[in-house]
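Read through the structure below, which is laid out as structure tokens, and then see the notes.
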Amino acid sequence: KNEVEQSPQNLTAQEGEFITINCSYSVGISALHWLQQHPGGGIVSLFMLSSGKKKHGRLIATINIQEKHSSLHITASHPRDSAVYICAVTRDNTDKLIFGTGTRLQVFP
Amino acid sequence: GAVVSQHPSRVICKSGTSVKIECRSLDFQATTMFWYRQFPKQSLMLMATSNEGSKATYEQGVEKDKFLINHASLTLSTLTVTSAHPEDSSFYICSARGETGGAWYNEQFFGPGTRLTVL
């Protein structure tokens, strides 16, 4: 079993829909990261969380440390949000990232 | 946010040649840089961690003599794929963590990646 699991693996949506991507992890962490990878391959760091909730524009990330679960929400989705969203955790006492397998999102007009 | 660049973005080479990929932090001092590779539709795999001025620490299964990493300055790390073979064809991504103006960046900032194709 992977230490970081994401669901769903693939997601399609109509423009304007509210989107949720989930991430569960099974190890002790110091931080959780949400990353976005566009078709060209470049990766952008969206959020780094250790507790609670963060919001940036139409993106919201939450984390529940007790349940070892995080969600990434996209409100009013747009075709330009189409990308692979990757959850990664920084394991306790290391500076290495452990990556989930990613969620491929396609938003259609 | 902090910016990390990689060069080249794409390289095609013949089997047996060596290829150097550069990773630069443009507006902060990268005390630690990480090198990843990614196969199609798979997640990133950490290859090695390098701290400025020290030898890189390689992950299990990564050949240090094949993937030479140099982190000689606070803004530049290089990955050299020596005697490249077709199975080395992959997407290589670096990330960096460090500080600027006294502010410490605990998160990793990723470069845009380098797509290597070995013929």
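Chain identifiers are assigned alphabetically (A, B, ...) following the order of the sequence lines, protein sequences preceding nucleic acid strands; residue numbering begins at 1 within each chain.
Within 6.0 Å of the CD atom in A/Gln9, the count of heavy atoms belonging to other residues, nucleotides or ligands does not exceed 12. The number of heavy-atom neighbours closer than 6.0 Å to CZ of A/Arg58, taken from other residues, nucleotides and ligands shown, is above 12. Atom NZ of B/Lys20 is surrounded by 12 or fewer heavy atoms from other residues, nucleotides or ligands within 6.0 Å. Counting heavy-atom neighbours within 6.0 Å of A/His38 NE2, excluding the residue itself, gives a total above 12.
Linking ILVMFWY residues whenever their side-chain heavy atoms come closer than 4.5 Å, directly or via other members, places A/Val4 and A/Ile29 in the same cluster. Transitive grouping of hydrophobic side chains (ILVMFWY, heavy atoms separated by less than 4.5 Å) keeps A/Ile65 and A/Ile60 in distinct clusters. B/Tyr36 and B/Met33 are members of different hydrophobic clusters when ILVMFWY side chains are connected at heavy-atom separations under 4.5 Å. Both B/Val11 and B/Val118 are assigned to one and the same hydrophobic cluster, defined by single-linkage of ILVMFWY side chains at heavy-atom distances under 4.5 Å. In the hydrophobic clustering of ILVMFWY residues, with side-chain heavy atoms under 4.5 Å counting as a link, B/Phe109 and A/Phe47 come out apart.
Here A/Lys96 contributes atom NZ and B/Thr32 contributes atom OG1; the two are 12.5 Å apart, rounded to the nearest 0.5 Å. Annotation: the span from A/Leu97 atom CG to B/Phe34 atom CZ amounts to 6.5 Å, rounded to 0.5 Å. With values rounded to the nearest 0.5 angstrom, B/Phe110 atom CZ is found 13.0 Å from A/Gln36 atom CD. Rounding to the nearest 0.5 angstrom, the gap separating the CD1 atom in A/Ile43 from the CD atom in B/Gln38 is 6.0 Å.
Within residues 40-55 of chain B, the residues that have a heavy atom under 4.5 Å from a heavy atom of chain A are B/Lys41, B/Ser43, B/Leu44, B/Leu46, listed by number. Of residues 58-89 of chain B, those residues lying under 4.5 Å from chain A by any heavy-atom pair are B/Glu59.
No part of A/Ile98 comes within reach of chain B, as not one of its non-hydrogen atoms sits under 4.5 angstrom from that chain.
When all heavy atoms are compared, the tightest approach of B/Gln108 to A/Ser45 is O-CB, 4.2 Å.
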